[in-house]
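Structure record follows, encoded as structure tokens.
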Amino acid sequence: QVQLVESGGGSVQAGGSLRLSCTVSGNTAMSRCMAWFRQAPGKQREGVAALLRSRGSTYYSDSVKGRFTISRDNGENTLSLEMTSLKPEDTAMYYCAADSWCDLSSGLQSRDFAYWGQGTQVTVAS
């Protein structure tokens, strides 16, 4: 089992920055791959960034590439998402997700992740 708790969401003006954190506890073998998804009202859940620990590989969706940075601390207890140059279209509930493995070459699918946090809201005002 893996427990995930997000924090750091809030409201910001367009062009601003936010840093999301996800505290990870439980079976670390089941969290080798970690990701951030987001879901806006009326839209499907979208995978925006992921990190595969064993290979040091990362993935970013085209919508956030160059603006968001995913990282995990050396103790592997915290997953972060540094978000810069925020846009109103980044407004969504952001979720942390984990699983034992992921294939980053084919993008991110929510069905591939077994463990989820409760989400943290990000609102970007124009």
Side-chain angles (χ1 to χ4, degrees):
Q1 288 287 342
V2 175
Q3 294 78 43
L4 306 172
V5 179
E6 302 96 334
S7 61
S11 297
V12 65
Q13 292 291 320
S17 300
L18 279 174
R19 184 181 182 91
L20 304 183
S21 295
C22 174
T23 301
V24 185
S25 60
N27 187 345
T28 57
M30 294 304 296
S31 64
R32 294 189 185 98
C33 181
M34 297 203 67
W36 288 97
F37 285 77
R38 67 185 182 186
Q39 188 166 21
K43 294 189 176 181
Q44 287 190 329
R45 190 167 292 191
E46 172 193 13
V48 296
L51 187 152
L52 181 58
R53 184 180 74 196
S54 59
R55 294 186 176 180
S57 303
T58 56
Y59 165 89
Y60 296 96
S61 67
D62 288 341
S63 59
V64 307
K65 197 172 296 182
R67 300 188 297 122
F68 290 12
T69 302
I70 189 171
S71 61
R72 192 168 181 177
D73 70 342
N74 289 335
E76 301 182 319
N77 294 326
T78 304
L79 179 76
S80 298
L81 185 69
E82 188 74 35
M83 305 186 295
T84 64
S85 302
L86 283 162
K87 306 174 182 180
E89 51 264 43
D90 294 318
T91 295
M93 185 72 79
Y94 282 71
Y95 298 91
C96 175
D99 211 303
S100 58
W101 181 258
C102 55
D103 180 3
L104 300 185
S105 66
S106 57
L108 297 179
Q109 301 293 331
S110 56
R111 63 175 179 266
D112 294 333
F113 291 84
Y115 303 101
W116 292 84
Q118 82 289 350
T120 186
Q121 178 68 36
V122 171
T123 302
V124 184
S126 57

Hydrophobic cluster identity match, Val122 and Met93, side-chain contacts under 4.5 Å: no
Side chain proximity check, Trp116 to Arg45, heavy atoms < 4.5 angstrom: yes
pair Tyr60-Arg67: side-chain heavy atoms closer than 4.5 Å: no
Within one Ile-Leu-Val-Met-Phe-Trp-Tyr cluster: Leu81 and Leu86, side-chain cutoff 4.5 Å: yes
Euclidean distance, Cys102 SG relative to Gln109 CD, rounded to 0.5 Å: 12.0 Å
Within one Ile-Leu-Val-Met-Phe-Trp-Tyr cluster: Leu52 and Val48, side-chain cutoff 4.5 Å: no
Lys87/Asp90 ion pair, N-O < 4.0 Å: no
Ser80 and Arg19, any side-chain heavy atoms less than 4.5 Å apart: yes
Close side-chain approach of Met83 and Val12, heavy atoms under 4.5 Å: no
Closest non-hydrogen atom pair between Thr58 and Ile70, with its separation: CG2-CG2, 4.1 Å
Heavy-atom closest contact (Ala50 atom, Ala35 atom, distance): CB-CB, 3.8 Å
Taking every non-hydrogen atom, the tightest pair across Ser126 and Pro88: CB-CG, 3.8 Å
Side-chain donor-acceptor contact under 3.5 Å, Ser63 with Glu46: yes
Rounded distance [0.5 Å steps], OG in Ser21 versus CG in Asn77: 12.0 Å
Any donor-acceptor pair under 3.5 Å from Glu6 side chain to Gly119 backbone: yes
Reported SG-to-CD distance for the pair Cys96 and Gln3, which is rounded to 0.5 angstrom: 12.0 Å
Euclidean distance, Leu51 CG relative to Thr69 OG1, rounded to 0.5 Å: 11.0 Å
Taking every non-hydrogen atom, the tightest pair across Ala92 and Arg38: CB-CB, 3.8 Å
Set of residues satisfying ring-ring contact (aromatic ring centres under 6.0 Å, His included) with respect to Tyr94, sequence neighbours excluded: none
Same cluster (ILVMFWY, side-chain, under 4.5 Å), Tyr59 and Tyr115: no
Sub-4.5 Å side-chain heavy-atom contact between Thr78 and Val24: no
More than 12 heavy atoms of other groups within 6.0 Å of Gln44 CD: no
Separation between CG of Leu4 and CE of Met34, rounded to the nearest 0.5 Å: 5.0 Å
Cluster link Leu104 to Trp101, ILVMFWY, side chain under 4.5 Å: yes
Backbone N/O of Ala114 and side chain of Asp99: donor-acceptor pair under 3.5 Å: yes
For Phe113, ring-ring contact (aromatic ring centres under 6.0 Å, His included) partners two or more places apart: Phe37
Shortest non-hydrogen contact between Thr120 and Leu20, atoms and distance: CG2-CD2, 4.0 Å
Any Thr91 side-chain heavy atom under 4.5 Å of Gln121 side chain: yes
For Ser85 against Ser17, the heavy-atom pair lying closest together: N-OG, 4.4 Å
